[in-house]
Protein chains: 2
Amino acid sequence: MATSFRSPTASQKRLPERKRGAGVKYVYDTLRGEILDLVLPPGTPIDESQLAERLEMSRTPIREALVRLAGDGLVTTLPNRSTVVSQIDFMNLHNFFDAITLMYRVTTRLAGENRTDEDLEIIRAHQAAFIRAVEAQDARSMLATNRDFHAAIGEAGRNPYYQSVFLRLLDEGRRILRIYYSSFDDRLPGPIVQEHEAMIEAIAARDIDACDQLAKAHADQIVAQIQTMLTRDRRQAIAL
Amino acid sequence: MATSFRSPTASQKRLPERKRGAGVKYVYDTLRGEILDLVLPPGTPIDESQLAERLEMSRTPIREALVRLAGDGLVTTLPNRSTVVSQIDFMNLHNFFDAITLMYRVTTRLAGENRTDEDLEIIRAHQAAFIRAVEAQDARSMLATNRDFHAAIGEAGRNPYYQSVFLRLLDEGRRILRIYYSSFDDRLPGPIVQEHEAMIEAIAARDIDACDQLAKAHADQIVAQIQTMLTRDRRQAIAL
DNA sequence: TGCATACTCAGTGTCGACAAAATTCCTGCG
DNA sequence: CGCAGGAATTTTGTCGACACTGAGTATGCA
């Protein structure tokens, strides 16, 4: 099965069937989603030919997507060998904690300074989506919407340099938290919802000090959650 | 001219002449250097076929290098159109100043915490190279070695997340400063050399507070230099 | 039986060619 | 003379093919 869904007779010459340039984006988005949701766990080798066959396109757009993912740090290219999903460096998680705490603070502060009313609407929409995911107890959706919520705050901060690291950290955090939620099975994510609400209020009120304080508390809370998870179930974490 | 330097008769089949996988790196390094030195000014369109001809390889490795450069933010890809060297956003330089000041501080602090003796040797070697460039009044080399000096400090900090932004900021700073040095013609770069020496001392002594203070002073000084340049010669800056 | 060497093969890196999209140039009309 | 429409050209995006690399396997020798 899955050899071809196309009509075997009608494809006499070639049917583009898909817009020029959309192929790369599709591969990129698909792989990125599967990596962040741990459908492709760290260390998984990615075979270009196999992917090309599965997604029904040539290896060229596949390779371009992989190069972009390598730029994001989500995959690692071993020269003349396969490219693999990047490992999560559990030995140096403190680097991650340190950086994401600082970036939470910086981006939330900047959002308090530079946000427009439109930014606020977008942020609130993401928070609403996050709440829906929490109520539905859908871990995958929770992680994705939580990431989008903070990414929107970063956007409102209007500093592309900070935003580039921040997005990278949020993606890495999504992978790390995915381990947590897969081992504790879609439970309520602590006081995250209320913390988000407080952050929105502070950003709306342009209260920079409150933004900083709330962001730090939020970061500390998440870091504490992850550390608790790691000490409770160290074996699984190390296995990955 | 420049059609081919190879023997026209001997190339009956094909001569690799170059290691597998080295092509992409060569294109990437070459273009990156030319972009950072403003040999390719912002807005310059990059023609794949032309580059392929000049560097004597197919378009495939050229395209891969361009995708990587786009990931670094050095070029901008316009879908179905040419890719161009990224513009410098002079209207929002405060974002750059804000971010690089913070990253100078963070990386120098971390270097003070985590540096090894080997790190210190590498940093001192880069500082020596920088001094040589200053004495030779070679602006291009000054900018490159200054960038490498701070990059080495970032490496000693041992936090890849910070390092990824920091490198990006240093590269952008190299482009911005290149305008400065091209308009003021290779003059002495203010008190940068002494500031570097003081930073090395603080890192060697593991004096975190001094690291932070010196990094902030260094950043402020460079920001002030750039701002002075911009107010003196606004036309040239805006022209770019 | 253990180890070094040669062979096989799956998989990447590069190439040349074709097709789609966009720009440019030309032509005809007002 | 200016402008709209269309043809020609330029340039990018995608494809299939092939050579080279490294890993796994088999083979021969001690």
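Within every chain, numbering begins at 1; the chains are lettered A, B, ... in the order of the sequence lines, protein sequences first and strands thereafter.
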Exercise for review: Using only heavy-atom distances, determine whether the side chains of Thr145(A) and Asp148(A) contain a donor-acceptor pair under 3.5 Å.
Suggested key: no

Please tabulate, for side-chain N and O atoms in residues 21-28 of chain A, each donor-acceptor pair with protein atoms closer than 3.5 Å (sequence neighbours left out).
unit_1   : atom_1 : unit_2   : atom_2 : d
Lys25(A) : NZ     : Asp29(A) : OD2    : 2.7
Tyr28(A) : OH     : Asp72(A) : OD2    : 2.3

Exercise for review: To the nearest Å, give me how far apart CE (Met57(B)) and P (dG16(C)) are.
Suggested key: 12 Å

Revision key, fill the gap. To the nearest angstrom, the CD-P distance between Glu56(B) and dT14(C) comes to 15 Å

Point to revise | side chain to side chain contact (heavy atoms under 4.5 Å, CB included) partner of Phe166(B), the single match among Val106(B), Leu102(B), Thr107(B) | key: Thr107(B)

Review point. Stepwise, does the side-chain hydrogen bond (donor to acceptor under 3.5 Å, both in side chains) test hold for Asn80(A) with Arg20(B)?
Key: CA-CA 8 Å; Asn80(A) 282 319; Arg20(B) 211 175 136 86; 2.9 Å; yes

Between the protein and nucleotides 8-11 of chain D, which nitrogen or oxygen pairs are less than 3.5 angstrom apart?
unit_1  : atom_1 : unit_2   : atom_2 : d
dT11(D) : OP1    : Asp47(B) : OD2    : 3.3
dT11(D) : O5'    : Asp47(B) : OD2    : 3.4

Review point. Could you walk me through whether Met229(B) and Ile226(B) pass the side chain to side chain contact (heavy atoms under 4.5 Å, CB included) check?
Key: CA-CA 5 Å; Met229(B) 174 272 284; Ile226(B) 295 175; 4.2 Å; yes

Point to revise | Positions of residues 58-66 of chain A (non-hydrogen atom under 4.0 Å from DNA chain D), listed by number | key: Ser58(A), Arg59(A), Thr60(A), Pro61(A)

Practice item. Test Leu38(A) against every option in Arg140(A), Arg175(A), Arg174(A) by the side chain to side chain contact (heavy atoms under 4.5 Å, CB included) rule and name the one that passes. Key: Arg175(A)

Review point. Do Asp138(A) and Arg132(A) sit within salt-bridge range, that is, some charged N less than 4.0 Å from a carboxylate O?
Key: no

Review point. Want to settle it: does Pro79(A) or Gly23(A) sit nearer the 5' end of DNA chain D, counting the closest nucleotide to each?
Key: Gly23(A)

Exercise for review: May I ask you to check whether His196(B) and His150(B) place their ring centers less than 6.0 Å from one another?
Suggested key: yes

Check your understanding: Rounded to whole angstrom units, what separation is found between the CG atom of Leu51(A) and the C1' atom of dG11(C)?
Key -> 13 Å

